Protein chains: 2
Amino acid sequence: MTEKQENILSAALKLFAEEGFSATSTSKVAKAASVSEGLIFRHFGNKEGLLNALLDLGQEKAKLVYSNVIFETDPKELIRKAIQLPFNVAKEDHDFWRLQFKLKWELNKYNEASWEPLQVAMTNAFKKLKYKNPEMEAEYIKHFLDGLVGAILRGSPIDDIKMTNFLLDKYQL
Amino acid sequence: MTEKQENILSAALKLFAEEGFSATSTSKVAKAASVSEGLIFRHFGNKEGLLNALLDLGQEKAKLVYSNVIFETDPKELIRKAIQLPFNVAKEDHDFWRLQFKLKWELNKYNEASWEPLQVAMTNAFKKLKYKNPEMEAEYIKHFLDGLVGAILRGSPIDDIKMTNFLLDKYQL
DNA sequence: GTCTATACGTTGATAGAC
DNA sequence: GTCTATCAACGTATAGAC
């Protein structure tokens with residue numbers, strides 16, 4: 001991976017996350033990366049190839065974030081970590097996650113399955129905590145987290161401490 | 001409003017909701033509406049004017065949906081109606097709502113304020129029901145509803161009866 | 001690996017006839 | 001109100017030189 005290649009990737013990530021995939025031209029990416037436009041196609045084949053390279057790179061980061069939650073054995077601690085996910089996610093790799101959310105609407109490219117390990121883990125945690133309906137409880141919190149992350153990524157002003165405390169209290173953690 | 005104008009609007013709504021605003025060309029809209037491309041610009045000025053005409057029309061429908069909830073005086077009934085919103089919304093005016101959700105990501109055109117009346121109404125309802133933290137409770141359910149509506153609009157398979165019953169039970173309605 | 005030059009369809013938009 | 005013809009700018013993508 002040369003320096004120019006990295007320039008292309010980081011410029012593309014930023015632009016795609018900000019303005020969307022379709023609305024970002026390859027020439028814009030080239031300029032932002034201080035690179036000739038042809039180079040993008042040499043390295044990534046076409047515009048979609050560039051997007052996929054970005055997505056592949058992010059995939060590993062996503063797994064890291066998830067694994068910290070789903071391999072937690074203490075059920076209360078697991079729910080606690082899940083609840084804090086939106087606020088952590090928003091700080092590091094902000095652009096990557098914004099791109100993910102944009103893409104699921106722009107290209108209907110939603111990896112619905114990416115939530116699944118987390119949902120299963122939460123279901124299990126709620127089971128251990130003797131909740132009446134663990135499956136629904138997990139789905140409920142999944143939709144909430146999805147909505148919350150989205151709001152944060154769009155820049156909504158959210159009082160994270162207040163929200164976290166409210167949730168910790170609600171789930172008696 | 002002539003027939004051709006209506007053709008343009010309905011074709012545009014469908015295409016914008018399906019494929020996104022940027023990804024839909026005016027020529028595509030013209031073909032789908034069986035109309036010359038020039039006519040679109042005669043009537044709506046430019047592509048964004050067409051989008052705004054669509055949004056204005058939808059605004060009234062949105063108000064109707066909201067008003068049915070927020071003017072409910074019985075707090076339990078209000079929460080019940082709010083909970084059922086995602087499932088009702090998805091049936092009628094599906095394309096309009098899908099466009100709304102797409103737009104808030106594609107053009108960062110999110111009318112954050114559009115949720116506000118509902119949020120205020122829910123806060124009030126939770127107050128009447130003696131909840132410990134009505135404001136946060138309303139915000140919590142807002143994010144949940146946002147996530148849920150999104151999932152439904154993207155075509156996620158969701159068991160609406162199971163989900164509704166779970167929620168009615170959870171909020172003791 | 002990288003750049004320049006270029007091909008060529010598509011895009012949003014306008015002018016003028018009917 | 002509606003259509004046809006037309007435009008310049010921009011879009012993705014390729015070829016060939018260094």
Side-chain angles (χ1 to χ4, degrees), chain A residues 1-58 95 98-100 102-109, chain B residues 1-58 95 98-100 102-109:
Chain A
M1 179 84 58
T2 68
E3 198 191 326
K4 302 251 172 185
Q5 282 182 63
E6 278 169 10
N7 283 354
I8 293 170
L9 285 170
S10 71
L13 175 58
K14 199 176 168 188
L15 286 168
F16 289 171
E18 266 171 22
E19 321 195 357
F21 178 69
S22 307
T24 303
S25 65
T26 48
S27 80
K28 235 191 259 178
V29 175
K31 269 171 205 154
S34 309
V35 144
S36 74
E37 202 178 344
L39 196 58
I40 294 177
F41 294 93
R42 268 257 166 258
H43 284 311
F44 303 100
N46 56 26
K47 199 186 168 188
E48 217 187 319
L50 174 56
L51 177 63
N52 288 330
L54 240 30
L55 260 24
D56 288 345
L57 277 175
D95 278 340
R98 198 134 79 98
L99 178 59
Q100 289 282 354
K102 272 203 133 101
L103 253 31
K104 82 179 174 188
W105 286 104
E106 189 180 339
L107 304 182
N108 308 321
K109 219 179 187 181
Chain B
M1 180 84 58
T2 67
E3 200 191 324
K4 301 252 173 184
Q5 281 182 62
E6 278 168 11
N7 284 353
I8 293 170
L9 285 170
S10 71
L13 175 58
K14 198 175 167 189
L15 285 168
F16 289 170
E18 265 170 21
E19 321 194 357
F21 177 69
S22 307
T24 303
S25 65
T26 47
S27 82
K28 235 191 259 176
V29 174
K31 269 171 205 155
S34 308
V35 144
S36 75
E37 200 178 345
L39 196 58
I40 294 177
F41 293 93
R42 265 258 166 259
H43 284 311
F44 304 99
N46 55 26
K47 197 186 169 188
E48 217 186 319
L50 175 56
L51 177 63
N52 287 330
L54 240 31
L55 259 23
D56 288 345
L57 276 176
D95 277 339
R98 197 135 78 98
L99 178 60
Q100 290 283 354
K102 272 200 133 100
L103 251 32
K104 80 179 175 189
W105 285 104
E106 188 181 340
L107 304 182
N108 308 320
K109 221 179 188 180

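Lettering follows sequence order; numbering is per chain, from 1. Values in this document were obtained by computation on a predicted structure and should not be read as measured data.
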Only Watson-Crick and G-U wobble pairs, only distances under 3.5 Å, only runs of 3 or more: what stems does that leave for DNA chain C? C:1-18 with D:1-18
Gap between atoms [atom1] and [atom2], on [X] and [N] respectively (whole Å):
| X | N | atom1 | atom2 | result |
| --- | --- | --- | --- | --- |
| F44(A) | dT12(D) | CZ | P | 15 Å |
| H43(B) | dT2(D) | NE2 | C1' | 7 Å |
| M1(B) | dG1(D) | CE | P | 10 Å |
| L39(A) | dT4(C) | CG | C1' | 13 Å |
| K31(A) | dC3(C) | NZ | P | 14 Å |

Mind jotting down which residue pairs meet the side-chain hydrogen bond (donor to acceptor under 3.5 Å, both in side chains) criterion with at least one end in residues 15-29 of chain A? Sequence neighbours excluded, please. E19(A)-K28(A), S22(A)-E106(A), S25(A)-S27(A), T26(A)-E37(A)
Is there a side-chain contact between K28(B) and the phosphate of dT11(C), meaning an N or O under 4.0 Å from OP1 or OP2? no
So, does T2(A) get its side chain near the phosphate of dT2(C), meaning an N or O under 4.0 Å from OP1 or OP2? yes
Minimal non-hydrogen separation, L15(A) against A32(A), with atom names: CD1-CB, 3.9 Å
Here the pair of heavy atoms bringing V29(A) nearest to A11(A) is O-CB, 4.1 Å
Under the side chain to side chain donor-acceptor pair (under 3.5 Å) test, residues paired with N46(B) that sit two or more places apart: none
Once side chain to side chain donor-acceptor pair (under 3.5 Å) is applied, do any residues pair with K104(A), and if so which ones, sequence neighbours excluded? D146(A)
Would you check if [X] and [Y] make a side-chain contact, meaning some heavy-atom pair closer than 4.5 Å?
| X | Y | answer |
| --- | --- | --- |
| L107(B) | L51(B) | yes |
| N52(A) | F44(A) | no |
| L57(B) | L13(B) | no |

Compare the minimum distances between each of dG1(D), dC3(C), dT11(C) and the side chain of Q5(B), then state the nucleotide with the smallest one. dG1(D)
Could you please name the option among dT4(C), dG1(D), dT11(C) that lies closest to any side-chain atom of S36(A)? dT4(C)
In this structure, NZ of K102(A) is separated from CG of N108(B) (nearest 0.5 Å) by 4.0 Å
For the atom pair CD1 (I8(A)) and OG (S36(A)), what is the distance rounded to the nearest 0.5 Å? 7.5 Å
Show me the protein contacts with nucleotides 13-18 of chain C, counting only N or O atoms at under 3.5 Å.
| from | atom 1 | to | atom 2 | distance (Å) |
| --- | --- | --- | --- | --- |
| dA13(C) | OP2 | K47(B) | N | 2.9 |

Look only at the side chain of K109(B) and the backbone of L103(B), and say whether a donor-acceptor pair between them is shorter than 3.5 Å. no
Please list residues of residues 7-25 of chain A whose heavy atoms come under 4.0 Å from any atom in DNA chain D, ordered by number; otherwise none. T24(A), S25(A)
